[in-house]
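Counting starts at 1 for both ligands and their atoms, in listed order. FYI, side chains are in, hydrogens and waters are out, and symmetry mates aren't considered; it's all heavy atoms of this structure. Residues take their numbers from the sequence shown, with the count starting at 1.
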Amino acid sequence: MKTRAAIVPEINKLSIETIELAPPQAGEVLVRIRAAGVCHSDLHMYRGELTTPPPPIVLGHEGAGFVESIGPNVTGVKVGDAVMINWLPACTSCVNCLNGLYTLCQNFIRTAYAGTLPNGSSRLKNSAGDTLKHYLGVATMSDYIVVAEANVLPIPADVPFEVAAIIGCAVATGVGAVINTAQVPTGSSVAVIGCGGIGLSIIQGCLLAGCYPIVAIDVVDNKLDFAQQIGATHTINPATGSLNRALRKIIPNRPDYVFDAVGAATTITQALKIVRPGGAAVIVGLHAAQEQVPIPAGSLVFENKRLLGSLAGSINPRIDLPKLVDLYRAGRLQLDKLITNRYTLDELPTAFEAMENGKIAARGIIMFDN
Ligand SMILES: [Zn+2]
Ligand SMILES: [Zn+2]
């Protein structure tokens with residue numbers, strides 16, 4: 001069948017084209033996408049900033065929609081079900097899954113990073129007949145997608161598709177970093193560096209964990225205002241004065257946990273610097289994934305500090321994603337507020353531009369009217 005999709009034909013090029021989508025094979029489903037999140041990872045892929053598979057590739061890894069048809073041997077979903085896309089499922093039987101490292105599942109992560117479906121093949125071709133990759137094994141920025149059954153999770157009918165789309169990546173990553181990776185005890189003091197979609201999700205995770213104070217740190221004032229609306233108790237703009245001094249006024253003994261949602265070399269070292277002795281700096285963002293970060297070894301040993309990495313919130317997808325959906329439905333996660341900018345598929349270049357210029361207060365979403 002034909003589908004319109006956002007393609008990166010080569011690094012720094014973007015086009016919205018009608019392409020050919022082959023039907024689902026055994027264990028696969030065809031999903032009619034209703035909403036797709038615009039994540040920094042998609043931007044990184046387009047800009048060639050991460051170790052990603054070489055283009056051509058169809059973008060998108062956050063999404064939700066309806067199951068349109070199913071291939072043979074699909075048992076968990078049926079035609080018409082509302083589903084969210086989970087780009088990183090867990091097999092539960094590889095050595096990493098057995099060690100509880102579900103987001104490092106060896107059976108899914110390799111093909112996801114290679115841009116194929118879990119069986120190693122692609123269902124996508126452009127009009128010239130060239131094979132296209134599926135970004136992170138799902139490629140959600142398309143009217144229709146074919147993914148493995150493991151990549152879809154049924155959602156209740158009352159969850160808006162735009163909300164379901166961000167639960168699978170931004171929200172899982174942010175809330176999971178607090179609850180799963182850091183396992184923050186109730187009452188902990190925290191600081192969050194970077195207040196985009198991930199940072200705001202971290203703040204919501206800190207609210208769930210009963211943290212106080214929750215200090216939001218960002219160089220964009222609008223983002224700080226927004227962080228306060230979401231639940232940050234204090235804000236600091238380090239561009240307007242000393243971060244250390246401002247932080248000590250709020251938390252004299254320095255935060256128990258510092259979350260870095262940016263992941264730049266500067267913010268990673270900053271997170272480690274501003275956390276209290278014995279505290280943990282939790283690195284969630286991906287900005288400097290290809291850079292070396294200088295770490296003062298003394299601060300780790302003499303101050304007993306911990307440096308924790310968190311991939312996709314260290315979640316167990318089958319347990320944690322439905323839990324996040326339930327928390328949203330119960331009003332414990334304010335996810336509607338996180339969706340601040342809506343675009344059509346054709347407006348993706350505008351969405352990326354807004355993202356690069358810090359103009360998206362929280363999260364941008366592509367809405368489909370297919
Ligand atoms: Zn993402
Ligand atoms: Zn596994």
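- With side-chain heavy atoms closer than 4.5 Å counting as contact, directly or through intermediates, the hydrophobic cluster containing Ile251 also holds Ile193, Val215, Ile217, Ile236, Leu243, Leu247, Ile250, Val258, Val262, Ile274, Val275.
- Listed by chain and number, the protein atoms of type N/O/S under 2.8 Å from the Zn ion (ligand 2) are Cys91 SG, Cys94 SG, Cys97 SG, Cys105 SG; waters are omitted.
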**Asked** Would Arg4 and Glu17 satisfy salt bridge (charged side-chain N to carboxylate O under 4.0 Å, His left out), going step by step from the backbone distance to the final call?
**Response** CA-CA 5 Å; Arg4 262 168 64 77; Glu17 290 172 28; over 6 Å; no
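- For the Zn ion (ligand 1), the N/O/S atoms of Cys39 include one lying under 2.8 Å.
- Side chains of Ser121 and Asn119: a donor-acceptor N/O pair is present below 3.5 angstrom, by distance only.
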**Request:** Apply side chain to side chain contact (heavy atoms under 4.5 Å, CB included) to His61 and Asp42, showing your working.
**Result:** CA-CA 8 Å; His61 60 285; Asp42 297 297; 3.2 Å; yes
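- Using a cut-off of 4.0 Å between Lys/Arg side-chain N and Asp/Glu carboxylate O, Lys323 and Asp326 are scored as not salt-bridged.
- Looking at Arg363 and Asn341, their side chains never bring a donor and an acceptor atom within 3.5 Å of each other.
- For His61 atom NE2 and Cys169 atom SG, the angle they make at the Zn ion (ligand 1) is roughly 110°, to 10 degrees.
- Across Val31, Asn151, Leu153, a single residue satisfies side chain to side chain contact (heavy atoms under 4.5 Å, CB included) together with Val83, and that is Val31.
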